[in-house]
Amino acid sequence: MSDAASLTGHALEAIGQAQTEDALAKIELEYLGRRSGLVSTLLSNIGSLRAEEKAALGKAANEAKRAIESALAARRAELEQARLADLAETEAIDVTFPGPPLGRGRIHVLTQTRRQIETVLESLGYQVELGPEVETEWYNFEALNIPAGHPAREDWDSFYFSPELLLRAHTSPVQIRAMQRIKEPPIYIITPGRVYRRDAPEATRLPYFSQVEGLAVDKGLTVGDMKGTLLYMIQSLYGPDRKVRVRPSYFPFTEPSFEFDVSCGICGGMGCKSCRHKGWLEVGGCGMVHPQVLRNGGIDPSLWNGYAWGFGIERMAMLKHDVDDIRMFYEPDLRFLEQF
Amino acid sequence: MRISYEWLGDFVDLDGVTPKDAADVLTRQGVEVESLTMVDLSAIVIGKVLDQQKHPKSRNDLWIHQVDLGGRVQQIIAGAPNAVVGSLVPVALPGTTVPNGKVVKDMNIAGYKASGMLCSAAELLLGDDHAGILVLDRGTPGQPLTTVIPSQAVMEAEVTSNRPDCMGHLGIARELAAGLDRPMKRDFMPAFTGTADPAGREMVNVGIEDPDLCGRYIGGVITGVTVGPSPDWMQRRLRAAGVRPINNIVDITNYVLLEYAQPLHAFDLAKLEGPAIEVRRARGKEKLLGLDGVERELTAEMLVIADARKPVALAGVIGGEETAVTEATADILLESATFSGPSVRQTSRALGLRTEASARFERALPPELALAGARRAASLIAEIAGGQVHRDWADVYPRPQEPVRVNIRPALIDDVLGTHVPLEEAEAILKRLSFHVKVRGDGEWDVLPPVFRLDVSIPEDLVEEVGRVYGYDRVPPTLPGRRHDRWTPLAPSLDRRLDEAREVLAGAGFTETWTPALVSSKKLEELRIAAHAMRVANALSDDMDTLRTSLLPSLVDGVALNRDRARDDVRIYEIAAAFLARVGEKNAQPEEPLRLAAVATAGPSGAAGEKAFREMKSVLDGCVASLHAPACTYQRAAAQLFHPGRCAAVVLDGRQLGYLGELHPTVVGGTGRVVAFEIDVEPVLAASRTPRAQPLARYPAVARDLAVVVEETVAAGAVLQAIKESGGELLEQARAFDEYHGAQVPEGHKSIAFTLTFRSPERTLTDAKVDEVMSEIKLGLEKRHRARFRE
């Protein structure tokens with residue numbers, strides 16, 4: 001047996017027994033090191049050999065080198081495979097250990113609700129219109145067909161700065177301003193914003209709250225169109241099973257006027273504790289725009305007609321998220337705000 | 001408005017219509033019934049007492065009755081002696097639940113069997129009397145009690161302000177009749193008139209000072225009445241409607257108010273001086289002792305009814321005690337008038353006195369109603385209290401009610417409702433509501449609303465009348481849509497555009513709040529930010545009497561609130577308007593700049609505050625960047641609410657947006673520090689530009705650090721500015737990353753460390769080239785800020 005063959009035999013044996021990458025590296029250095037590797041030393045006295053002996057030794061040394069290299073590669077692959085096969089044990093961590101807090105802030109639940117409402121109505125082609133919170137008597141009352149002394153003024157007890165200036169009691173003034181600005185229908189707008197009424201704070205009402213009103217002015221609009229719009233909105237927000245009911249009511253700025261109710265989400269309209277056995281939850285008011293209001297907005301009621309509605313954003317959020325005290329929305333209490 | 005179901009039965013046949021059915025019809029038609037209280041008498045039967053004996057053994061006073069229940073006789077024991085032989089009484093048999101909740105059982109009382117119970121009015125929830133058995137004035141033994149007293153039901157209904165006619169049972173019944181399509185049993189205008197001599201108008205002189213405040217005054221004279229309790233049925237109905245019975249005359253005026261919605265008043269004629277009636281404004285310092293026992297000082301805005309001497313009633317609000325009807329009264333003056341709604345409302349509000357009468361007058365009553373109410377009351381007085389009703393009453397009617405006509409193109413009904421209502425049906429509905437409809441030759445309808453419906457004046461009003469009785473449930477929901485040749489492109493609202501900033505804030509740990517815009521003026525004055533505050537003239541309370549000029553105090557309160565709940569790390573913000581009055585312009589709407597304000601808590605040390613200050617800048621810079629506006633710069637400034645040494649004005653494109661800094665210790669209170677900013681957002685959005693893609697750099701950047709030693713007073717911002725100016729185009733970015741004070745720098749100096757990044761778009765920069773630029777920068781700093789450099 002030649003030296004080369006015996007060297008190879010030893011090397012392959014060592015490689016076969018090696019258990020780690022470190023051991024393999026050591027073997028590689030021992031046999032294949034460029035200067036002092038055992039394969040190299042085979043050729044150390046090659047200069048003294050004859051030509052044919054030289055060729056034979058060179059060939060043997062090369063074969064030894066290739067054999068060792070390929071054994072090393074094979075063993076390495078084996079070891080890697082074994083390591084990967086053992087990952088489940090060797091690198092296991094406690095996956096149930098909780099992550100650190102992210103410190104994520106929240107967008108207010110009323111902002112979220114307002115966005116949902118806006119998105120639904122924008123999908124029907126309505127545009128958001130904003131307006132001032134401190135309004136003139138004319139925009140807040142007169143233009144909406146509620147002259148001084150009108151008994152309905154009782155329904156909008158307001159905060160005044162002077163006889164001419166007050167905090168708007170609804171976002172309806174924005175409707176008048178929008179009609180005056182846009183001038184030519186079609187007009188499809190919604191008017192989200194804060195409003196103020198002189199009611200003492202309690203669990204179901206506050207002297208300040210937020211509304212979304214909507215206004216459509218076009219040719220040939222109907223009570224049916226108004227109902228459909230409200231139904232589309234409610235079903236989009238609360239789910240396709242919800243129903244909408246309109247009940248005749250009275251507002252000076254619409255004729256006919258309605259309250260609109262949404263079927264109770266818990267009992268589906270059968271009546272339960274949550275809806276006080278009515279089956280319906282009151283949401284807001286609506287109606288066909290009074291011709292005088294169109295005139296006040298600069299629109300000719302003989303050519304155009306319209307419908308409008310309004311409701312409280314808080315009310316919608318309370319229905320959706322089971323909030324039972326409206327005051328929570330205006331308290332900067334993180335324990336509440338971080339729930340949404 | 002409390003409605004007695006039984007009472008409605010006087011005007012419309014309710015056979016087969018349960019109180020719940022009636023409530024549903026009313027709600028569907030616009031009179032919202034909010035609650036329904038039932039008193040079910042159907043299980044109670046009528047019995048006739050055949051025999052009554054004292055219980056021989058019981059220690060309590062008990063009576064043993066033999067009661068005929070229509071063919072069979074039951075033995076029933078009761079504790080009251082008033083069910084004497086021959087009485088007709090309500091009987092609850094064993095197994096029955098009485099309206100007050102009691103369950104009747106077979107009993108044996110001291111050896112005597114008792115099979116049932118004789119009921120008191122209180123047990124049947126028909127009144128307060130529980131001492132005696134309710135004795136009926138009619139009825140057949142064995143028949144249900146409901147053959148003589150119907151089951152009771154009381155509805156609490158909300159009547160809209162345009163429908164004063166529905167503030168009475170007659171109006172409610174008319175709604176029900178229209179909804180059920182049943183005829184009304186009674187005409188609106190009673191035919192009754194007095195016949196006794198002399199004529200009423202010769203007995204009492206009536207004058208109206210201001211016809212705008214009193215459009216009609218009817219004074220009826222009735223002599224020789226007998227004042228006493230009113231009949232049970234009347235008392236029962238008054239109680240059901242929430243009115244306390246007093247005597248027959250007063251009860252009748254209240255009864256008619258609850259029936260017709262016309263308030264009435266009865267004076268004791270003998271106590272009126274004159275006898276003359278003047279409807280006039282109160283004169284200086286006049287007083288009136290009201291029926292409620294309260295004496296009130298009157299003002300010149302208040303309308304009164306006065307006799308020859310002084311006010312005897314506050315018009316439309318309350319009568320006077322001194323001229324009230326008492327047991328001794330024989331002759332009365334019956335007042336039925338039409339007072340102006342705004343005037344009554346003003347008086348009622350000024351005195352804080354809301355009565356059944358004022359609640360009705362406030363809604364503007366039709367003058368024709370005054371006559372109907374007066375006639376109805378007079379006929380009831382004649383029937384119940386006796387007396388002579390005199391003919392030809394005083395009736396001063398300076399503003400006669402004009403008849404209203406409304407023309408409508410009947411197709412409008414379908415056009416507005418969006419469904420087809422057959423013409424005959426629409427016409428029938430209007431007639432059921434007492435409207436007269438005349439179909440003209442051209443197809444239009446000439447409609448005359450009834451005199452009690454002042455709210456109907458335009459065609460749309462008629463559409464509503466038809467729609468609400470036809471049933472809006474029958475109108476199918478549709479979505480509008482026609483071909484439009486004009487539109488407005490969708491533009492996101494101001495508030496929506498700020499959502500990018502909201503996301504940055506959420507990511508930075510800030511939670512959005514909504515806080516009230518109404519705050520305390522005292523607080524604003526203490527904080528010295530009240531200069532442009534708008535003060536509410538009729539505030540509900542001191543803590544909500546002014547519009548805020550800054551969002552920060554609300555957020556500081558939010559910090560305190562959360563700290564009280566053991567939250568130390570508080571990061572909150574709000575986006576809302578501040579309100580700034582325009583100086584010198586009375587009645588001008590204020591400026592309402594939309595603001596973004598944020599606060600964050602920091603530790604108590606100065607260093608913690610400084611660190612938080614810098615973090616707050618990053619937050620604001622992040623918000624502004626998210627809105628695609630150019631970066632803000634910061635300049636040392638002084639502002640209310642802020643720490644005098646730690647406040648920066650925030651500037652964008654040369655315009656000041658607001659302030660960022662640590663809040664003043666006196667504003668924050670407590671131990672920790674609070675950093676904050678508040679800016680106007682509209683200029684930021686105005687500066688917003690759509691980002692344009694830049695080519696990616698092809699050549700590598702070279703980074704160099706530079707430690708600049710300058711005097712303490714030199715601002716880092718100024719140093720940075722100088723670096724940028726000297727750095728030229730090759731300086732891509734310059735960022736301060738550390739500030740050092742201590743042994744390595746001279747006294748009164750500081751060292752600021754910067755990382756400078758250089759890059760050329762055209763070639764790879766050589767060290768030599770970068771060295772050259774660095775020398776320029778150093779030279780500039782030496783010149784501008786007498787800077788030296790640390791290696």
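Throughout, protein chains are lettered first and strands after them, A, B, ... in sequence-line order, and every chain is numbered starting at 1. Note that these values count all heavy atoms, side chains included, but never hydrogens, waters or copies made by symmetry.
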K.L.:
What's the shortest heavy-atom distance between A:Leu231 and B:Pro477, and which atoms?
P.N.:
CD2-CG, 3.9 Å
K.L.:
Nearest 0.5 Å, please: how far is CD in B:Glu503 from CD1 in A:Ile107?
P.N.:
6.0 Å
K.L.:
For each of A:Glu338, A:Met288, A:Lys278, tally heavy-atom pairs with chain B at distances under 4.5 Å, and name the one with the top tally.
P.N.:
A:Glu338
K.L.:
Could you go step by step and tell me if A:Leu167 and B:Leu518 meet the side-chain contact (heavy atoms from CB on, under 4.5 Å) rule?
P.N.:
CA-CA 10 Å; A:Leu167 278 165; B:Leu518 284 170; 3.9 Å; yes
K.L.:
With a 4.5 angstrom heavy-atom cut-off, could you sort out which part of A:Pro291 is near chain B: side chain, backbone, both or neither?
P.N.:
side chain
K.L.:
Check this for me: does any side-chain nitrogen of one of A:Arg115 and B:Asp495 sit under 4.0 Å from a carboxylate oxygen of the other?
P.N.:
yes
K.L.:
Between A:Glu129, A:Glu184, A:Arg104, which has the largest tally of heavy atom pairs under 4.5 Å with chain B?
P.N.:
A:Glu184
K.L.:
Between B:Asp455, B:Ile458, B:Leu505, B:Val559, who has the most heavy-atom pairs with chain A when the cutoff is under 4.5 Å?
P.N.:
B:Ile458
K.L.:
Verify, without hydrogens or angle tests, whether B:Asn538 (side chain) and A:Ser158 (backbone) share a donor-acceptor contact under 3.5 angstrom.
P.N.:
yes
K.L.:
Between B:Thr419 and chain A, which part of the residue has a heavy atom less than 4.5 Å away: side chain, backbone, both or neither?
P.N.:
neither
K.L.:
Against chain B, label A:Glu259 side chain, backbone, both or neither, depending on which of its atoms sit under 4.5 Å from a heavy atom there.
P.N.:
neither
K.L.:
Among A:Pro186, A:Ser249, A:Ser162, single out the residue with the greatest number of heavy-atom pairs under 4.5 Å to chain B.
P.N.:
A:Pro186
K.L.:
Can you tell which part of B:Ala581 gets under 4.5 Å to a heavy atom of chain A, answering side chain, backbone, both or neither?
P.N.:
neither
K.L.:
As an exercise: rank B:Asp473, B:Asp557, B:Leu479, B:Asp415 by heavy-atom pairs under 4.5 Å with chain A and give me the winner.
P.N.:
B:Leu479
K.L.:
Counting heavy-atom pairs closer than 4.5 Å to chain B, which one of A:Asp225, A:Val223, A:Leu130, A:Leu337 comes out on top?
P.N.:
A:Asp225
K.L.:
Could you look at A:Pro132 and say if it's the side chain, the backbone, both or neither that has a heavy atom under 4.5 Å from chain B?
P.N.:
both
K.L.:
Quick one: pull up CG in B:Asn162 and CZ in A:Phe251 and give me the separation to the nearest 0.5 Å.
P.N.:
10.5 Å
K.L.:
Between B:Leu547 and chain A, with a heavy-atom cut-off of 4.5 Å, which part of the residue counts as in contact: side chain, backbone, both or neither?
P.N.:
side chain
K.L.:
Check each atom of B:Arg482 against the heavy atoms of chain A and say whether the ones under 4.5 Å are side chain, backbone, both or neither.
P.N.:
side chain
K.L.:
With a 4.5 angstrom heavy-atom cut-off, could you sort out which part of B:Pro459 is near chain A: side chain, backbone, both or neither?
P.N.:
neither
K.L.:
Count the heavy atoms belonging to other residues, nucleotides or ligands that lie under 6.0 Å from NZ of A:Lys219, then report whether that count exceeds 12.
P.N.:
yes
K.L.:
So, does B:Glu460 use its side chain to make a donor-acceptor pair with the main chain of A:His290 at under 3.5 Å?
P.N.:
no
K.L.:
What option among B:Asp461, B:Thr160, B:Val463 has the most heavy-atom pairs under 4.5 Å with chain A?
P.N.:
B:Asp461
K.L.:
Any non-hydrogen side-chain atom of A:Tyr139 less than 4.5 Å from a side-chain atom of B:Gln589?
P.N.:
no
K.L.:
Between the side chain of B:Asn562 and the main-chain N/O of A:Leu334, is any donor-acceptor distance below 3.5 Å?
P.N.:
yes
K.L.:
Look at B:Ala506, B:Pro342, B:Gly418 and state which one has the largest set of heavy-atom pairs under 4.5 Å with chain A.
P.N.:
B:Ala506
K.L.:
For chain B, find which of A:Thr136, A:Val128, A:Asp199, A:Asp218 contributes the most heavy-atom pairs closer than 4.5 angstrom.
P.N.:
A:Asp218
K.L.:
I'd like to know which of A:Val244, A:Thr111, A:Val246, A:Leu102 tops the heavy-atom pair count under 4.5 Å against chain B.
P.N.:
A:Thr111
K.L.:
If you apply the rule side-chain contact (heavy atoms from CB on, under 4.5 Å), what do you find for B:Val536 with A:Phe161, and how did you get there?
P.N.:
CA-CA 5 Å; B:Val536 175; A:Phe161 300 97; 3.8 Å; yes
K.L.:
Can you check whether A:Gly149's main-chain N or O pairs, donor with acceptor, with B:Arg345's side chain at less than 3.5 Å?
P.N.:
yes
K.L.:
Taking all non-hydrogen atoms of both residues into account, name the closest pair between B:Thr515 and A:Pro332 and its distance.
P.N.:
CG2-CG, 4.1 Å
K.L.:
Of the backbone (N, CA, C, O) and the side chain (C-beta and beyond), which part of B:Leu561 lies under 4.5 Å from a heavy atom of chain A, both, or neither?
P.N.:
side chain
K.L.:
Could you pull out the closest heavy-atom pair between B:Thr511 and A:Gly105, with the gap in Å?
P.N.:
OG1-CA, 3.5 Å
K.L.:
Filter on ring-ring contact (aromatic ring centres under 6.0 Å, His included), then keep only pairs touching residues 456-476 of chain B, sequence neighbours left out; what's left?
P.N.:
A:Phe258-B:Tyr472
K.L.:
Would you find a donor on one side and an acceptor on the other, under 3.5 Å apart, between the side chain of B:Arg486 and the backbone of A:Pro185?
P.N.:
yes
K.L.:
What is the minimum heavy-atom distance between A:Val134 and B:Glu592, and which atoms define it?
P.N.:
N-OE2, 2.8 Å
K.L.:
What heavy-atom pair brings B:Ala588 and A:Leu165 nearest, and what distance separates the two atoms?
P.N.:
O-CD2, 3.2 Å
K.L.:
Check each atom of B:Arg349 against the heavy atoms of chain A and say whether the ones under 4.5 Å are side chain, backbone, both or neither.
P.N.:
side chain
K.L.:
List the atom of B:Arg496, the atom of A:Thr119, and the distance in Å for their closest heavy-atom pair.
P.N.:
NH2-OG1, 3.7 Å
K.L.:
May I ask you to decide if A:Ser257's main-chain N or O and B:Glu464's side chain share a donor-acceptor pair within less than 3.5 Å?
P.N.:
yes
K.L.:
Among B:Gln346, B:Arg571, B:Arg535, B:Met544, which residue has the highest count of heavy-atom pairs closer than 4.5 Å to chain A?
P.N.:
B:Arg535
K.L.:
Flag the one option from B:Gln29, B:Arg502, B:Arg468 with the top tally of heavy-atom pairs under 4.5 Å to chain A.
P.N.:
B:Arg502
K.L.:
Would you mind telling me which of A:Thr222, A:Leu221, A:Thr229 makes a side chain to side chain contact (heavy atoms under 4.5 Å, CB included) with B:Thr478?
P.N.:
A:Thr222
K.L.:
Between A:Asp157 and chain B, which part of the residue has a heavy atom less than 4.5 Å away: side chain, backbone, both or neither?
P.N.:
side chain
K.L.:
Could you tell me which portion of B:Pro476 (side chain, backbone, both or neither) has an atom closer than 4.5 angstrom to a non-hydrogen atom of chain A?
P.N.:
backbone
K.L.:
With sequence neighbours excluded, give me every ring-ring contact (aromatic ring centres under 6.0 Å, His included) pair touching residues 556-577 of chain B.
P.N.:
none
K.L.:
Salt bridge or not for A:Arg194 and B:Glu574, using N-O below 4.0 Å?
P.N.:
yes
K.L.:
What part of A:Glu122 gets within 4.5 angstrom of chain B, counting heavy atoms only: side chain, backbone, both, or neither?
P.N.:
side chain
K.L.:
Using non-hydrogen atoms only, which part of A:Glu282 is less than 4.5 Å away from chain B: side chain, backbone, both, or neither?
P.N.:
side chain
K.L.:
Taking C-beta and beyond as the side chain, do B:Ser161 and A:Tyr250 meet within less than 4.5 Å on heavy atoms?
P.N.:
yes
K.L.:
With no hydrogens and no angle check, is any side-chain donor or acceptor of A:Gln127 less than 3.5 Å from a backbone partner on B:Ala491?
P.N.:
yes
K.L.:
Is B:Leu540 close to A:Phe159 at the side-chain level, that is, under 4.5 Å between some pair of heavy atoms?
P.N.:
yes
